[in-house]
Amino acid sequence: MTANTVSAGPKNRVPDVTIEFWLIKLMAVTMGETAADYLAINLGLGLATTSVVMSAILAAALLMQFAQRRYFPSVYWTAVVLISIVGTLVTDNLVDNFGVALETTAIAFTVLLAVTFAVWYATERTLSIHSIFTLRREIFYWLAILFTFALGTAVGDLVAEVLAIGYLATGLLFGAIIAVIAVGYYALKLDPILTFWLAYIFTRPLGASFGDLLSQPVEYGGLGFGTIATSLMFLVAIVTLVIYLTASRQPEDTDLESQHQM
């Protein structure tokens with residue numbers, strides 16, 4: 001350690017909530033829906049095999065994320081894309097392989113998410129994403145994200161398919177819900193933590209609905225682009241934004257990382 005070393009407190013391990021955050025998150029959940037379908041159905045791996053393989057890859061990505069001591073866009077968003085895929089597969093397995101009704105699945109993940117938030121708050125006295133700088137908080141954070149993705153998949157499929165209003169109408173419905181949440185935050189000054197998590201939950205069925213709209217065959221209410229083209233389109237967009245975020249990081253971030261390694 002030298003006299004020039006800059007001391008700093010613990011850094012947040014997840015990104016700030018910006019327009020880029022919401023854009024990548026929405027594209028990640030959209031891709032999670034279509035990529036899960038491609039791997040399990042189009043590629044012919046089946047739900048069970050796909051779930052095991054993707055869960056193992058996700059576990060490796062999360063271990064890499066947990067090893068960081070600050071937010072790295074490429075590491076973080078890789079984990080988000082993978083957990084989006086796995087969240088979709090969890091719900092699809094329950095419904096298709098185990099015969100659990102979408103209504104039951106949605107209720108179950110709502111309860112699991114509520115319990116996660118309750119234990120998180122009881123343990124840490126906060127649900128803020130601006131202070132994820134310990135391993136325990138980060139575990140709660142990623143567990144909550146997994147349940148929001150699984151819940152969003154169940155709710156999106158329930159509304160679009162069981163209630164039979166179609167993918168486009170479902171996407172517009174959840175888009176309207178998110179708009180109401182945004183008005184509550186900006187105009188009514190509702191609690192930022194509450195509105196963040198509500199928006200985070202509802203962007204999942206929003207993205208999944210538009211993912212299905214783009215990828216599903218025309219006879220099933222989609223536009224027929226297919227899972228490969230849809231997944232690749234959003235993957236390219238995500239990678240482009242992540243590269244931009246990495247390149248635009250503040251110079252002092254790089255300096256502190258270099259000094260930390262000395």
Side-chain angles (χ1 to χ4, degrees), residues 13-45 50-51 53-62 64-65 68 71-89 91-92 142 145-146 148-150 152-153 156-157 160 167-168 170-172 174-175 178 199-200 202-218 220-250 253-254:
R13 301 179 188 177
V14 302
D16 293 332
V17 182
T18 61
I19 184 63
E20 293 89 356
F21 172 91
W22 288 115
L23 282 174
I24 300 177
K25 197 272 182 177
L26 184 58
M27 290 188 292
V29 298
T30 305
M31 181 187 166
E33 181 75 16
T34 58
D37 288 344
Y38 168 71
L39 293 170
I41 301 173
N42 299 87
L43 201 59
L45 296 179
T50 303
S51 299
V53 172
M54 295 309 300
S55 295
I57 296 174
L58 171 62
L62 286 177
M64 183 175 294
Q65 168 66 23
Q68 310 307 315
Y71 163 60
F72 288 94
S74 58
V75 177
Y76 174 86
W77 288 110
T78 295
V80 169
V81 170
L82 290 170
I83 206 168
S84 176
I85 295 173
V86 171
T88 300
L89 291 169
T91 296
D92 288 348
W142 288 106
I145 286 179
L146 175 62
T148 62
F149 286 162
T153 299
D157 288 347
Y167 299 124
L168 177 59
T170 299
L172 294 175
F174 286 111
I178 294 170
Y200 202 97
F202 285 113
T203 49
R204 172 58 181 178
L206 171 64
S209 298
F210 281 112
D212 283 334
L213 175 66
L214 292 170
S215 63
Q216 292 300 310
V218 175
Y220 294 124
L223 297 178
F225 290 110
T227 55
I228 299 177
T230 305
S231 298
L232 285 176
M233 176 177 65
F234 284 105
L235 178 60
V236 169
I238 291 169
V239 170
T240 301
L241 269 175
V242 170
I243 291 173
Y244 164 76
L245 291 176
T246 302
S248 63
R249 295 178 68 193
Q250 295 297 320
D253 289 345
T254 303

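One-based numbering along the sequence shown.
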Audit row: Asp212, Asp157, side chain to side chain contact (heavy atoms under 4.5 Å, CB included) steps and yes/no: CA-CA 10 Å; Asp212 283 334; Asp157 288 347; 4.0 Å; yes

Pairs meeting criterion salt bridge (Lys or Arg N to Asp or Glu O under 4.0 Å) with involvement of residues 16-35, two or more places apart: Glu33-Arg204

Residue pair Val53 / Leu45, side-chain heavy-atom distance below 4.5 Å: no

Approximate separation, where rounding is to 0.5 Å, of Phe234 CZ and Thr30 OG1: 4.5 Å

Separation between CG of Leu89 and OG of Ser55, rounded to the nearest 0.5 Å: 7.0 Å

Close side-chain approach of Leu214 and Met233, heavy atoms under 4.5 Å: yes

Straight-line distance of Leu172 CG to Phe210 CZ, nearest 0.5 Å: 5.0 Å

Whether Ser84 side chain and Val80 backbone form a donor-acceptor pair below 3.5 Å: no

Approximate separation, where rounding is to 0.5 Å, of Gln216 CD and Tyr220 OH: 9.0 Å

Any Leu245 side-chain heavy atom under 4.5 Å of Tyr71 side chain: yes

Minimum-distance pair of heavy atoms, taken over all atoms of Ile85 and Ala35: CD1-CB, 3.9 Å

Closest approach of Gly211 to Thr34 (non-hydrogen atoms, all atoms of both residues): O-CG2, 3.5 Å

Distance-only donor-acceptor check, side chains Thr227 and Asp37, under 3.5 Å: no

Atom pair CG (Leu213) and CG (Leu168), whose distance is rounded to the nearest 0.5 Å: 5.5 Å

Spatial distance of atom CD1 (Ile83) from atom CG (Leu62) [nearest 0.5 Å]: 5.5 Å

Criterion side chain to side chain contact (heavy atoms under 4.5 Å, CB included) on Met64 and Thr78, from CA distance to verdict: CA-CA 10 Å; Met64 183 175 294; Thr78 295; over 6 Å; no

Nearest heavy-atom neighbours spanning Arg13 and Gln65: O-NE2, 3.1 Å

Sub-4.5 Å side-chain heavy-atom contact between Tyr38 and Ser215: no

Thr203 (side chain) donor-acceptor with Tyr200 (main chain) under 3.5 angstrom: yes

Given Thr240, Val239, Ile238, the one that forms side-chain contact (heavy atoms from CB on, under 4.5 Å) with Val242: Ile238

Shortest non-hydrogen separation from Ala79 to Trp142 and the atoms involved: CB-CH2, 3.7 Å

Sub-4.5 Å side-chain heavy-atom contact between Trp22 and Ile178: no

Heavy-atom check, side chain of Ile145 versus side chain of Phe149, under 4.5 Å: yes

Closest non-hydrogen atom pair between Met54 and Val86, with its separation: O-CG2, 3.7 Å

Shortest non-hydrogen contact from Pro15 toward Phe21: CG-CD1, 3.6 Å

Side chain proximity check, Asn42 to Ile228, heavy atoms < 4.5 angstrom: no

